[in-house]
Amino acid sequence: MSVNRCMLLFRLRRRMSALTLSSTGALPDSRVCYGSTLRSNQHSPNSLSCIRGISSNSSSTTPDTSLFVPLAFKADGSVEGSVGAELTQPLDKSELLKVLNRFYKRKEMQKLAADQGLDARLFHQAFISFRKYVLEMNALGAALHIILNDICCGAGHIDDIFPYFMLHAKQIFPMLDCMDDLRKISDLRVPANWYPEARAIQRKVIFHAGPTNSGKTYQAIQRYLTAKSGVYCGPLKLLAHEIFEKTNSMGVMCDLVTGEDRTFMDPEGRPAGHVACTIEMCSVNTPYEVAVIDEIQMIRDTSRGWAWTRALLGLCAEEIHVCGEPAAIEFVRELMYTTGEEMEVHTYKRLTPFSISDSALESLDNLRPGDCIVCFSKNDIYSISRQIEVRGLECAVIYGSLPPGTKLSQAKKFNDPEDPCKILVATDAIGMGLNLSIRRIIFNSLVKPNVNEKGEKQMETISTSQALQIAGRAGRFSSKFTEGEVTTMHRDDLVVLKDILSRAVEPIQTAGLHPTAEQIEMFAYHLPDATLSNLIDIFVSLSRVDGMYFVCNIDDFKFLADMIQHIPLNLRSRYVFCTAPINKKQPFVCTSFLKFARQFSRDEPLTFDWVCRHIRWPLPAPKNIKDLVHLEAAHDVLDLYLWLSYRFMDMFPDTAGVREIQHVLDDTIQQGVRNITRLIRATDPAAGAAVLGSGTGAAAPPRGRGASNRAPRLGVGQSSSLASRLVKDGLLTPDLLRQLQSEWSKEAAPPRPEGPRKNKKK
């Protein structure tokens with residue numbers, strides 16, 4: 001062997017010794033570091049697992065390693081050719097396989113790997129990748145080759161493989177090297193510290209507590225109007241718009257800020273002292289004299305609760321006026337303790353009483369002027385409004401996916417004493433944001449579709465809070481009905497409703513949080529090859545929250561992130577796109593979202609003409625329910641354009657033109673809703689036959705826990721053609737359709753005639 005080869009072998013031996021010593025020597029330090037992190041979290045006094053959708057134990061920061069996606073291994077381009085083989089000998093692959101499998105089975109190696117962050121799942125995945133690399137590479141690094149050769153020849157110890165195995169594992173799982181940093185980034189235990197501007201001032205917090213129609217928000221708004229500057233934060237665009245108009249009508253200049261709209265009253269565009277906004281849009285950097293946070297009980301909402309948490313902790317206002325249910329008082333007081341701020345409580349009683357009827361409606365023939373039938377699905381609304389029309393009555397219709405202008409138009413029609421429309425059919429969308437003159441609330445059903453923690457749809461009985469919010473719309477103060485009444489469509493439900501309303505509202509115990517764009521960007525810095533959806537999953541898995549908070553549901557965010565993952569976007573733009581408030585149940589809206597993102601990635605502005613071509617403008621008046629649903633989806637697409645235009649002004653430049661055709665589309669939808677019974681007839685010409693003979697004629701979904709088990713009643717004439725369309729449009733589930741078809745066949749079957757009885761004796 002030449003002198004140069006001997007010197008190279010000597011240097012390689014020194015490198016291997018140093019690598020082995022440094023790796024094994026680092027293990028105790030790393031183990032202590034990780035162990036101390038875990039122990040400090042285990043003894044945290046405020047630790048509680050409130051993460052929705054992803055299992056996490058606050059007593060341990062062990063991540064959900066099923067979320068760690070291994071990267072493809074990139075071989076080192078500087079490998080010294082076949083130097084290892086020249087210095088020793090070629091490796092026997094069969095013997096090498098035996099050595100590697102012995103290494104895998106050693107408990108000591110598994111324990112050392114666990115101390116480095118490799119649990120059983122990751123250890124297995126890393127070993128499979130390492131074994132494939134060792135067996136399939138034509139030339140290994142000289143150091144690794146010599147170590148493996150020594151072990152195969154009996155001159156080395158099998159544990160000497162571990163440092164090289166860990167180097168490989170950290171290449172395919174880069175998060176192992178930065179786990180402490182990732183834990184620090186995802187530490188959500190003290191959200192009050194995220195808002196230094198708010199902590200720099202001593203805020204006065206006033207809680208206005210009371211039921212629906214108690215005047216609590218009115219009192220907070222009176223203080224808002226007298227302030228030099230103020231911000232109103234509401235849960236709905238309709239509420240923000242109402243305060244915007246009311247404030248300006250009182251001679252106080254006020255701007256409007258929602259996700260899709262910016263209206264500045266100053267001709268030169270300077271911001272006014274007052275602003276009415278949806279709660280997600282409130283600024284936590286602008287100083288105000290007074291801030292009003294409406295419907296504070298929504299701080300526990302599993303999807304939007306983070307917005308109330310952010311407003312309550314972050315608004316820079318001398319006075320914070322919080323309005324909501326009494327069930328939130330103690331929780332908000334506890335939150336204020338974390339900021340060092342005291343809270344003053346004003347309680348209010350309902351201005352007009354409402355009572356629960358002793359009898360159910362049972363038949364649509366018993367409807368009276370001022371009645372509102374509350375349903376929890378479009379299918380029920382279509383069915384009931386059709387059957388009301390067959391009885392010669394006119395009704396207004398309000399549900400969540402209608403544009404705000406159409407909702408206001410229908411509310412105005414119902415409230416107008418000169419209009420013949422005296423009946424309202426609506427979803428629980430009437431619970432907030434609309435002033436309605438309702439005499440009696442009639443619950444068509446007490447079960448509502450809901451999404452559980454696993455993302456599965458299920459039917460659940462409405463909560464006391466939900467029931468009170470809806471029932472409280474009856475007998476509203478300043479309307480012509482001074483007393484309200486509440487009942488159910490079906491007799492069996494009335495007992496259940498009385499039980500629900502007799503219970504105390506469960507006190508609020510937790511507030512929602514959501515990872516910010518900055519936090520996700522820091523995660524991406526450490527994990528540059530991870531997808532946005534995977535980054536979010538890992539963030540939630542590692543996040544630590546105390547007992548007062550939970551991480552909000554991220555399923556919708558991940559749905560959009562997965563949809564546009566293949567489109568080349570920078571991380572910040574991708575994050576903004578994924579926070580867009582779209583209805584993922586509408587295929588046309590999802591397709592439009594995808595096209596918007598693709599056009600944006602090409603750096604091609606989405607012009608007015610492009611949008612018109614995409615939605616095929618102008619759109620004709622609807623001829624049936626399917627057409628109406630498509631118009632609603634097109635309106636949502638225009639909303640999405642406007643929402644994105646305020647985040648990417650250069651790429652979505654034609655807001656004026658889009659807003660103009662949106663107003664025209666709103667008018668078209670209004671006309672369609674006014675003629676909704678005609679659209680239902682056009683959708684299914686047979687739907688009107690024999691409706692009057694069907695008892696109530698009111699469709700009801702399957703009963704949930706605590707509700708009656710009586711089967712729903714439907715009009716006999718409702719044929720499967722309408723049902724099949726509703727299934728296709730995603731408005732009716734196949735399981736519910738099968739149940740309904742079974743009941744239709746039973747109700748439609750004529751009774752068997754009874755022949756004369758004969759007493760036969762055998």
Side-chain angles (χ1 to χ4, degrees), residues 16 19-20 22-24 26-27 30-31 33-34 54 61-80 84 91 93 96-97 99-106 108-145 147-148 158-183 185-186 520 522-542 562 565-566 571:
M16 289 186 290
L19 181 59
T20 304
S22 63
S23 299
T24 55
L27 293 179
S30 300
R31 183 163 63 249
C33 176
Y34 281 96
I54 297 179
T61 57
T62 303
D64 181 358
T65 55
S66 65
L67 304 173
F68 291 179
V69 179
L71 303 179
F73 179 75
K74 298 177 183 178
D76 186 1
S78 62
V79 171
E80 302 95 332
L91 296 171
K93 299 293 183 181
L96 195 56
L97 180 60
V99 169
L100 292 173
N101 287 339
R102 281 166 45 209
F103 170 82
Y104 175 73
K105 294 175 182 178
R106 278 182 59 77
E108 294 84 351
M109 295 299 96
Q110 295 178 21
K111 185 177 184 306
L112 284 174
D115 291 338
Q116 290 284 290
L118 284 176
D119 65 3
R121 180 197 299 271
L122 298 187
F123 181 79
H124 177 74
Q125 289 180 297
F127 174 76
I128 296 297
S129 176
F130 180 69
R131 184 177 64 186
K132 181 179 180 182
Y133 162 70
V134 169
L135 295 177
E136 295 183 4
M137 280 294 291
N138 293 327
L140 297 173
L144 176 58
H145 186 107
I147 285 289
L148 293 173
I158 198 167
D159 291 0
D160 293 341
I161 298 175
F162 184 77
Y164 300 93
F165 168 75
M166 280 306 304
L167 287 175
H168 183 94
K170 289 180 179 181
Q171 270 198 272
I172 66 172
F173 293 115
M175 64 284 297
L176 296 175
D177 263 341
C178 56
M179 197 63 70
D180 283 346
D181 291 332
L182 296 180
R183 285 192 176 98
I185 296 168
S186 57
I520 298 305
M522 286 190 283
F523 250 56
Y525 173 80
H526 291 289
L527 307 174
D529 296 311
T531 66
L532 178 56
S533 179
N534 191 226
L535 285 173
I536 288 287
D537 274 339
I538 296 173
F539 184 96
V540 175
S541 175
L542 288 174
D562 290 335
Q565 180 55 43
H566 66 286
L571 183 66

TODO: Please examine the side chains of F130 and I172, heavy atoms only from C-beta on, and report whether any two atoms are closer than 4.5 Å.
DONE: no
Open item on the list: Could you work out, with side chain to side chain contact (heavy atoms under 4.5 Å, CB included) as the rule, every residue matching Q125, not counting sequence neighbours?
Closed with: P70, R121, L122, F173
Open item on the list: For H526, give me all partners under side chain to side chain donor-acceptor pair (under 3.5 Å), at least two apart in sequence or on another chain.
Closed with: none
TODO: Kindly check if the number of other-residue, nucleotide or ligand heavy atoms within 6.0 Å of NZ (K105) is above 12?
DONE: no
- [ ] Can you measure from CE (M109) to CZ (F162) and round to the nearest 0.5 angstrom?
- [x] 6.5 Å
Open item on the list: A side-chain contact here means heavy atoms from C-beta on lying under 4.5 Å apart; do H124 and Y104 qualify?
Closed with: yes
Open item on the list: Using 0.5 Å steps for rounding, measure from the CE atom of M137 to the NE2 atom of H145.
Closed with: 12.5 Å
TODO: Would you give the length of the straight line joining atom CG of D537 to atom CG of L532, rounded to the nearest 0.5 angstrom?
DONE: 10.0 Å
Open item on the list: When you compare the side chain of M166 with that of L118, does any pair of heavy atoms fall below 4.5 Å?
Closed with: yes
- [ ] Mark yes or no for whether K170, through its side chain, and L176, through its backbone, hold a donor-acceptor pair below 3.5 Å.
- [x] no
- [ ] Using a 4.5 Å cut-off on heavy atoms from C-beta on, say whether the side chain of L542 contacts that of M179.
- [x] yes
Open item on the list: Just checking F165 against Y133, ring centres under 6.0 Å apart?
Closed with: no
TODO: Quick one: pull up CZ in F127 and CD1 in I161 and give me the separation to the nearest 0.5 Å.
DONE: 8.5 Å
Task: side-chain contact (heavy atoms from CB on, under 4.5 Å) assessment of L112 paired with D159 - done: CA-CA 10 Å; L112 284 174; D159 291 0; over 6 Å; no
- [ ] Look at the side chain of S186 and the backbone N and O of L182, then say whether any donor-acceptor pair between them is shorter than 3.5 Å.
- [x] yes
Task: L140 side chain near L91 side chain, heavy-atom distance below 4.5 Å - done: yes
Task: Gap separating the CE atom of M522 from the CD1 atom of I185, nearest 0.5 angstrom - done: 5.0 Å
